[in-house]
**Student:** 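To start, I am sharing the structure in question, which I have written as structure tokens.
Model, not experiment: these values are computed from the prediction.
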Amino acid sequence: MDYVNGPGRNHLFVPGPVNIPDQVIRAMSRNNEDYRSPAIPALTKTLLEDVKKIFKTTTGTPFLIPTTGTGAWESVLTNTLSPGDRIVSFVIGQFSLLWVDQQQRLKFNVDVVESEWGRGADLDILESKLASDSAHTIKAICIVHNETATGVTNNLAKVRQLLDAYQHPALLLVDGVSSICALDFRMDEWGVDVAITGSQKALSLPTGIGFVVASPKAIEASKSAKSLRVFFDWSDYLKFYKMGTYWPYTPSIQLLYGLRAALDLIFEEGLENIIARHNRLGTATRLAVEAWGLKNCTQEEEWFSDTVTAVVVPPYIDGAEIVRRAWKRFNLSLGLGLNKVAGKVFRIGHLGNLNELQLLGALAGVEMILKDVGYPVKLGSGVAAASAYLQNNIPLIPSRI
């Protein structure tokens with residue numbers, strides 16, 4: 001059947017794709033251009049320099065690849081590693097599991113470290129592996145910074161501390177798809193060798209650009225890596241960078257102009273202010289969940305995510321039914337539980353171009369749906385808890401002071 005839009009706006013509270021700012025939509029509303037004309041390389045040069053700022057790197061080399069986060073994963077692996085290389089990779093949820101599946105299909109020797117879903121990466125096991133690897137057989141550590149299936153954020157600074165403590169040369173490869181430009185991320189300071197994100201997450205663009213930023217060490221590794229690669233080969237990009245034309249393949253002109261507008265908005269708000277805003281949204285959501293008498297899937301505070309909260313439902317309630325009803329009744333899009341937590345959780349995304357009043361509306365919708373499915377929630381309880389926190393913590397908009 002054809003679905004007709006409901007009145008008002010769709011309330012998009014999945015952890016990506018996210019709301020697109022009106023300024024970005026307007027910037028993308030344009031005709032195609034010749035990407036070999038002088039205009040697009042000039043635009044691309046500014047984009048590459050500004051992308052480095054959101055990764056907090058001065059030495060990294062950025063690549064804007066026409067792909068999704070999955071393609072960016074593949075680009076990272078095939079450019080830095082050779083088939084048979086031993087890598088340590090953590091499974092803490094659905095997306096880290098999918099990355100491990102890709103690593104195995106690409107014929108790497110994957111040393112999988114599994115944690116209970118809802119817990120962070122087991123860094124004690126990593127330490128024991130590094131301590132026993134005096135021959136440096138481990139070529140890379142692969143870790144998801146923020147696992148959206150469970151709402152867990154890993155401590156990347158500690159991973160770097162362990163590598164340094166054992167003077168281990170393994171590459172640190174990071175999936176920052178749902179963290180970069182929303183959570184604190186410091187590529188240079190934490191010694192991250194390659195990091196990725198996707199345009200449809202905190203950058204608040206449509207899907208279609210995979211952002212890959214590689215350290216000098218990773219670029220050097222790419223010169224001897226033996227994995228097959230064609231479309232994702234960094235050397236093709238580097239060749240066109242030297243030529244000053246930048247694009248080995250046809251880019252989306254519209255997305256490039258959208259990215260320019262998105263970055264301008266980010267710098268106008270200020271990256272640190274954006275990170276603080278996401279912390280407010282995450283904290284408010286967690287307080288609402290607590291007021292409802294429900295539990296966070298994330299088991300300890302140190303791992304709480306500020307971009308998504310996975311809410312555990314009682315055994316007599318199907319989390320998927322909450323998601324279905326929210327969309328049907330209130331035009332509210334929530335995230336399903338995935339794989340091991342399917343039906344056991346529903347997810348509230350609070351990521352990207354989003355403010356506090358929008359979040360309060362979503363929390364009100366969740367309360368009504370909880371009541372619908374038979375959970376004895378007191379209407380207004382979560383909204384009140386979130387409002388009480390936000391009322392005391394939302395700063396004035398800087399330009400309106």
**Student:** Per the side-chain contact (heavy atoms from CB on, under 4.5 Å) rule, which among Val213, Leu238, Leu48 passes with Thr61?
**Tutor:** Leu238

**Student:** Quick check: do Leu271 and Cys181 have side-chain heavy atoms less than 4.5 Å from each other?
**Tutor:**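 A side-chain contact exists here, since the closest heavy-atom pair is under 4.5 Å.
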
**Student:** Quick one: which residue pairs count as a ring pair (Phe, Tyr, Trp, His ring centres under 6.0 Å) with a foot in residues 278-320, not counting sequence neighbours?
**Tutor:** none

**Student:** Evaluate Asp101 against Arg105 for salt bridge (charged side-chain N to carboxylate O under 4.0 Å, His left out), listing each step before the verdict.
**Tutor:** CA-CA 6 Å; Asp101 175 64; Arg105 290 161 71 179; 3.0 Å; yes

**Student:** Inspect the contact between Asp184 and Arg186 and indicate whether a charged nitrogen and a carboxylate oxygen are less than 4.0 angstrom apart.
**Tutor:** yes

**Student:** Please work out which of the three classes, parallel, tilted or perpendicular, describes the rings of Tyr237 and Trp247, given edges at 30° and 60°.
**Tutor:**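 Judged by the thresholds at 30° and 60°, the geometry between Trp247 and Tyr237 is perpendicular.
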
**Student:** Start with the C-alpha gap between Trp327 and Tyr3, add the side-chain angles, then the distance that decides, and say whether ring pair (Phe, Tyr, Trp, His ring centres under 6.0 Å) holds.
**Tutor:** CA-CA 12 Å; Trp327 188 75; Tyr3 288 103; 5.3 Å; yes

**Student:** Mind running side chain to side chain donor-acceptor pair (under 3.5 Å) on Asn296 and Thr309 for me, showing each step along the way?
**Tutor:** CA-CA 7 Å; Asn296 194 324; Thr309 300; 4.9 Å; no

**Student:** Taking only Lys NZ, Arg NE, NH1 and NH2, and the carboxylate oxygens of Asp or Glu, determine whether Glu321 and Arg329 approach each other closer than 4.0 Å.
**Tutor:**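 Not counted as a salt bridge, because no side-chain N and carboxylate O are separated by less than 4.0 Å.
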
**Student:** Salt bridge check, Glu269 against Arg277: does any charged N sit closer than 4.0 Å to a carboxylate O?
**Tutor:** yes

**Student:** Kindly confirm or rule out a cation-pi arrangement of Arg30 over Tyr257, judged by NZ or CZ under 6.0 Å from the six-membered ring centre and within 45° of its axis?
**Tutor:**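 Yes, cation above the ring, under 6.0 Å and within 45°.
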
**Student:** Taking ring pair (Phe, Tyr, Trp, His ring centres under 6.0 Å) as the cut-off, I'd like each qualifying pair that reaches into residues 122-159, sequence neighbours left out, listed once.
**Tutor:** His136-His168, His145-Phe185

**Student:** Taking Asp306 first and then Arg286, would you say they form a salt bridge - that is, a charged N and a carboxylate O separated by under 4.0 Å?
**Tutor:**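 Judged by the 4.0 Å cut-off on N to carboxylate O distance, Asp306 and Arg286 do form a salt bridge.
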
**Student:** Assess whether a salt bridge exists between Asp318 and Lys344, defined as any Lys/Arg side-chain N lying under 4.0 Å from an Asp/Glu carboxylate O.
**Tutor:**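 Salt bridge: no.
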
